[in-house]
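As the structure is a prediction and not an experimental result, all values here were calculated from the model. For the single chain, residues carry numbers from 1 onward in sequence order. Remember, it's 1-based here, ligands and their atoms both numbered in the order they're listed.
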Amino acid sequence: MILVKTIEHLRLETERLAQGKSVGFVPTMGALHRGHLSLVEQAVAENAIAVVSVFVNPTQFNDSKDLERYPRTLENDLKLLKPTGCAIVFAPNAKEVYPEPDTRKFNFGKLEAVMEGEHRPGHFNGVAQVVSRLFDMVEPNKAYFGLKDFQQLAIVKSMVKQLQLPVEIVPCAIIREKSGLAMSSRNELLTEEQRENASIISETLFKAKELMGQKTVQELKEWVVGEINRNPFLNVEYFDVVDDEQLQTVKSWNEENTKVACVAAFCGKIRLIDNIVFN
Ligand code: AMP
């Protein structure tokens with residue numbers, strides 16, 4: 001496994017190791033956990049080589065405190081990546097990725113008007129900026145994204161379509177802790193007590209799926225928010241049940257689309273997201 005920090009070095013090593021065969025790519029912001037590693041393992045299994053990027057992208061943070069606080073653990077990330085069979089770790093600095101400020105404005109229409117897009121203005125524009133740049137640098141055949149960031153996946157798919165990029169986007173299942181809590185780099189910022197209580201979020205989503213037939217969509221939404229907020233450590237920012245393509249609010253269980261229940265909640269100062277497919 002090789003660590004590269006410049007685009008030039010990345011291109012040289014990718015060409016040398018892939019020899020024209022398929023390149024699988026996993027973009028990350030580091031502080032890796034089993035969720036990330038499952039994506040990497042799939043990329044290794046399905047391609048001649050796998051490239052993992054570790055870059056905390058400043059343009060997708062709408063809260064400078066959140067950017068400052070974000071965990072950075074490259075040494076440990078390299079240790080975790082080595083046994084996966086990943087060939088190249090690309091860990092550029094901000095100047096390498098953005099030699100000039102990126103002023104591009106993407107338009108994702110309805111997709112970015114809801115949930116994360118609504119509560120984190122500019123977030124998905126930053127995601128699209130960095131992912132499009134990384135795709136340009138790595139030139140992957142396949143890129144792997146976790147369903148944990150369900151809306152991000154929809155945004156990336158839309159960006160690939162808009163820019164007509166020759167890359168296949170591969171969605172990967174959510175990996176959870178034993179408690180059910182969706183793995184996240186941000187979990188590292190929770191105290192032990194907060195972490196125990198944070199599992200109420202996924203627990204409530206699982207219960208909600210069972211209650212689906214017994215309540216209207218509106219009743220279920222109120223129930224979920226009430227259940228989570230009942231815990232003194234947690235505070236819901238939004239909960240919605242949306243269709244899996246346009247991400248628009250589902251009004252009735254009779255709608256024929258696939259429904260996904262998505263939540264964002266604060267545990268202390270730490271913002272956590274999770275989701276579950278309802279059918
Ligand atoms: P991040 O480093 O948080 O930007 O995440 C990098 C990639 O890993 C994204 O595609 C995430 O959706 C994915 N990911 C993060 N956590 C998980 C998880 N618990 N299960 C599956 N994929 C995940």
Under 4.0 Å, heavy-atom basis, I'd like to know which part of [X] is in contact with ligand 1: side chain, backbone, both or neither.
X     : result
Arg34 : neither
Leu32 : neither
Pro27 : backbone

>> Can you tell me how the ring of His33 sits relative to the ring of His36, calling it parallel under 30°, perpendicular over 60° and tilted otherwise?
In response: tilted

Can you tell me which residue and heavy atom of the protein come closest to [atom], and the distance to 0.1 Å?
atom                    : answer
atom 21 (C) of ligand 1 : Ala173 O, 3.3 Å
atom 15 (C) of ligand 1 : His33 CE1, 4.0 Å
atom 10 (O) of ligand 1 : Gly146 N, 2.9 Å
atom 8 (O) of ligand 1  : His36 CD2, 3.4 Å
atom 11 (C) of ligand 1 : Asp149 OD2, 3.1 Å

>> Run Ile155 and Phe150 through side chain to side chain contact (heavy atoms under 4.5 Å, CB included) and show every step you take.
In response: CA-CA 9 Å; Ile155 293 281; Phe150 173 71; over 6 Å; no

For atom [atom1] of [X], is the number of surrounding heavy atoms from other residues, nucleotides or ligands below 6.0 Å larger than 12?
X      : atom1 : result
Glu15  : CD    : no
Glu245 : CD    : no
Arg34  : CZ    : no

> Looking at CZ of Phe55 and CZ of Arg72, how far apart are the two atoms once the value is rounded to the nearest 0.5 Å?
Replying inline: 9.5 Å

> Of Ile228, Leu205, Thr204, which meets side-chain contact (heavy atoms from CB on, under 4.5 Å) against Phe239?
Replying inline: Leu205

Near [X], which atoms of ligand 1 are under 4.0 Å from a heavy atom of that residue?
X      : result
Ile174 : 20 (N), 21 (C)
Thr28  : 2 (O), 6 (C)
Ile175 : 18 (C), 19 (N), 20 (N), 21 (C)
Leu39  : 7 (C), 8 (O), 10 (O), 13 (C), 22 (N)
Phe145 : 10 (O)
Met183 : 16 (N), 17 (C), 18 (C), 19 (N)

>> Met29 versus ligand 1: do any nitrogen or oxygen atoms come within less than 3.5 Å of each other?
In response: yes

>> Does this structure show an ion pair linking Asp102 with Arg133, if we count only N-O contacts that are shorter than 4.0 Å?
In response: yes

> Under a 4.5 Å cut-off applied to non-hydrogen side-chain atoms, are Tyr98 and Asn93 in contact?
Replying inline: no

> Pick one: which of Lys148, Arg176, Arg186 meets salt bridge (Lys or Arg N to Asp or Glu O under 4.0 Å) with Asp274?
Replying inline: Arg176

